[in-house]
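Encoded as structure tokens, the structure appears first; notes follow it.
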There are 2 protein chains.
Amino acid sequence: MAAQRSRRRIPEATVARLPVYLRILGEQFEIGVANISSEELAELAGVNAAKVRKDLSYLGSYGTRGVGYDVEFLVYQIRRELGLTHDWPVVIVGAGNLGQALAGYNGFGDRGFPVGGIVDIDDSKVGSVVGGVRVRHLDEIKQVVQARNISIGVIATPGAAAQDAADSLVAAGVTSILNFTPTVINVPHGISVGKVDLAVELQILAYHEQRRANAAQGSVMQSLSGLLIPGESRRGASA
Amino acid sequence: MAAQRSRRRIPEATVARLPVYLRILGEQFEIGVANISSEELAELAGVNAAKVRKDLSYLGSYGTRGVGYDVEFLVYQIRRELGLTHDWPVVIVGAGNLGQALAGYNGFGDRGFPVGGIVDIDDSKVGSVVGGVRVRHLDEIKQVVQARNISIGVIATPGAAAQDAADSLVAAGVTSILNFTPTVINVPHGISVGKVDLAVELQILAYHEQRRANAAQGSVMQSLSGLLIPGESRRGASA
DNA sequence: AAACGTTTGTGCACGTTTTCACAAAGCCAG
DNA sequence: CTGGCTTTGTGAAAACGTGCACAAACGTTT
């Protein structure tokens with residue numbers, strides 16, 4: 001049967017964890033671990049073992065009862081499911097502080113997302129080389145995208161320019177966008193959008209800090225209202 | 001009554017959205033908008049209006065029926081609830097590519113998280129200045145943290161050094177950590193951890209891309225198995 | 001002061017995600 | 001080849017998050 005691909009739809013929450021498993025499994029394979037149980041993998045990923053098993057079960061029944069999972073095979077299966085069997089070059093819009101940092105950050109290329117192009121609207125930046133790639137003008141984005149068959153774009157402009165950048169990316173034929181600005185962007189139906197807002201992550205931490213501070217002095221103050229602030233939370237992956 | 005603070009516990013999903021509302025409300029206030037309805041705010045934030053109202057209801061009943069919310073007052077309330085009434089200086093561990101980029105990125109300081117210190121284990125980096133702050137040695141982290149009363153640490157080291165960095169941060173007295181490495185770190189109970197893995201976000205997008213690709217050619221192939229791949233998803237905020 | 005249009009705050013139903021718990025399945029020893 | 005130990009895969013329950021729908025509350029107009 002040719003029908004091995006695209007089985008049942010994988011829940012979004014699981015999709016967000018598969019990359020974490022993938023990374024851990026890769027590391028384990030490197031150091032010679034050939035087999036791993038859901039319990040061990042869960043420990044390393046910082047999650048519940050049952051969750052690991054259910055997540056992996058969406059890929060198919062690739063474990064062996066009483067034994068565990070073959071690390072190498074599992075790596076292959078996750079890569080296949082996530083579409084990581086080949087590289088996905090990305091185009092970065094914005095060659096400012098953040099754009100340069102992303103271009104120079106090896107973590108992208110190392111994990112299958114080489115920088116296939118950088119564009120900026122500012123002529124004074126065009127022509128310079130960051131991360132080994134020459135900056136081109138925003139007007140040339142379509143050529144850049146098509147020449148290397150790029151389908152993922154990264155927005156690293158100032159917030160005010162984010163929507164324009166998104167529009168340019170869509171017009172150039174990109175179908176997935178990772179937005180590093182704090183601005184919410186609108187895109188046509190059918191385009192996937194991911195968002196990373198560095199300040200938001202810090203603000204969430206600030207909330208927990210402030211809560212801790214209140215709780216500390218609260219043990220006395222709160223006794224009046226009868227409220228009691230419980231233990232502490234933990235936060236996991238990016239999402 | 002003195003008991004105005006720390007009412008019922010706010011759901012994590014709501015905490016993750018409050019910074020988005022905060023940013024939008026700030027912008028609206030800047031351009032002279034004094035009042036806003038849940039409908040308008042929802043539109044700008046790209047979410048459902050009922051969700052906005054429910055989120056805001058955790059802060060208290062600060063809206064006026066038939067009118068909407070007072071923008072300035074709402075900004076104040078969200079800032080208070082998130083603990084953003086004062087700055088939270090952060091210490092960055094790792095002055096490499098990523099650490100330098102973060103230190104130079106204005107988005108941190110602008111939103112209340114000034115870089116209070118940068119440390120690195122590599123002597124050759126110590127003494128250089130990035131983002132206006134002089135890099136100090138990892139051994140001095142405790143002095144850096146205590147001198148400026150820092151409670152938030154940012155890990156921007158290579159993945160292999162992440163756990164050491166976390167240990168150093170905890171030992172220095174930091175109680176919240178934002179981890180930019182792909183490595184899962186273990187911390188004592190009571191320490192909050194946030195994680196941003198740039199590659200994971202791209203891998204999630206790759207999954208959607210690959211799914212789209214399969215669906216495109218699948219219309220013929222899948223007719224055999226009777227499977228049909230539905231429309232398309234959308235992804236929102238960071239976490 | 002009543003009638004009207006608007007918008008909040010929230011009960012309820014629904015969908016998704018997590019966790020529990022255990023039968024089925026494999027390996028190994030004797 | 002039987003019995004015991006281990007670990008998977010998955011139903012079912014619980015917890016959580018989302019969106020609808022509507023009563024209650026407010027301002028305005030007559």
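For clarity, every value in this text was computed on a predicted model and none was experimentally measured. Below, chain A is the first sequence line, B the second, and so on; all start at residue 1.
Of the possible donor and acceptor atoms, none in the side chain of B:Q203 sits under 3.5 Å from a partner among the backbone N and O of A:V20. Between the side chain of B:K51 and the backbone N or O of B:A42 there is no donor-acceptor pair closer than 3.5 Å. When atom types are taken as modelled, the side chain of A:N179 and the backbone of A:T183 share a donor-acceptor pair closer than 3.5 angstrom.
Remark: P of C:dG9 and CG of B:L59 are 10 Å apart, rounded to the nearest angstrom. Between A:Q77 atom CD and D:dG9 atom P the separation is 12 Å, expressed in whole Å. Atom CZ in B:R9 sits about 15 Å away from atom P in D:dA15, given to the nearest Å. Here the C1' atom of nucleotide C:dT10 and the CG atom of B:L56 are 14 Å apart, to the nearest Å.
Evaluation of the ring pair (Phe, Tyr, Trp, His ring centres under 6.0 Å) rule for B:Y76 yields no partner, not counting sequence neighbours. In this view, A:E40 and A:S37 satisfy the side chain to side chain donor-acceptor pair (under 3.5 Å) rule, not counting sequence neighbours. For the side chain to side chain donor-acceptor pair (under 3.5 Å) test, residues two or more places apart in sequence or in another chain that qualify with A:D167 are A:Q163.
Between the side chains of B:R212 and A:S192, at least one donor N or O sits under 3.5 Å from an acceptor N or O. Side-chain atoms of A:E12 and B:H208 include a donor-acceptor pair closer than 3.5 Å.
The side chain to side chain contact (heavy atoms under 4.5 Å, CB included) test with A:Y21 singles out one residue from A:L44, A:V75, A:V47, and that residue is A:V47.
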Just do the side chain to side chain contact (heavy atoms under 4.5 Å, CB included) check on B:F180 and B:L178 with the steps written out, would you?
-> CA-CA 7 Å; B:F180 278 91; B:L178 183 54; 3.7 Å; yes
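A heavy-atom distance below 4.0 Å to DNA chain C is reached by these residues of residues 33-46 of chain B, ordered by number: B:S37, B:S38.
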Distances under 3.5 Å only, N/O to N/O: pair up the protein atoms with those of nucleotides 24-26 of chain C.
unit_1, atom_1, unit_2, atom_2, d
C:dA24, N3, A:R65, NH1, 2.7

Give every pair of a protein N or O atom and an N or O atom of nucleotides 17-20 of chain C that lie under 3.5 Å apart, one pair per line with the distance.
unit_1, atom_1, unit_2, atom_2, d
C:dT18, OP1, A:R17, NH1, 3.1
C:dT18, OP2, A:R17, NH1, 3.0
C:dT18, OP2, A:R17, NH2, 2.8
C:dT19, OP2, A:K51, NZ, 3.4
C:dT19, O4, A:K54, NZ, 3.2

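Between A:D197 and B:R111, at least one side-chain nitrogen of the basic residue sits less than 4.0 Å from a carboxylate oxygen of the acidic one, meeting the salt-bridge criterion.
Residue B:Y69 has a polar side-chain atom (N or O) positioned under 4.0 Å from OP1 or OP2 of C:dG9.
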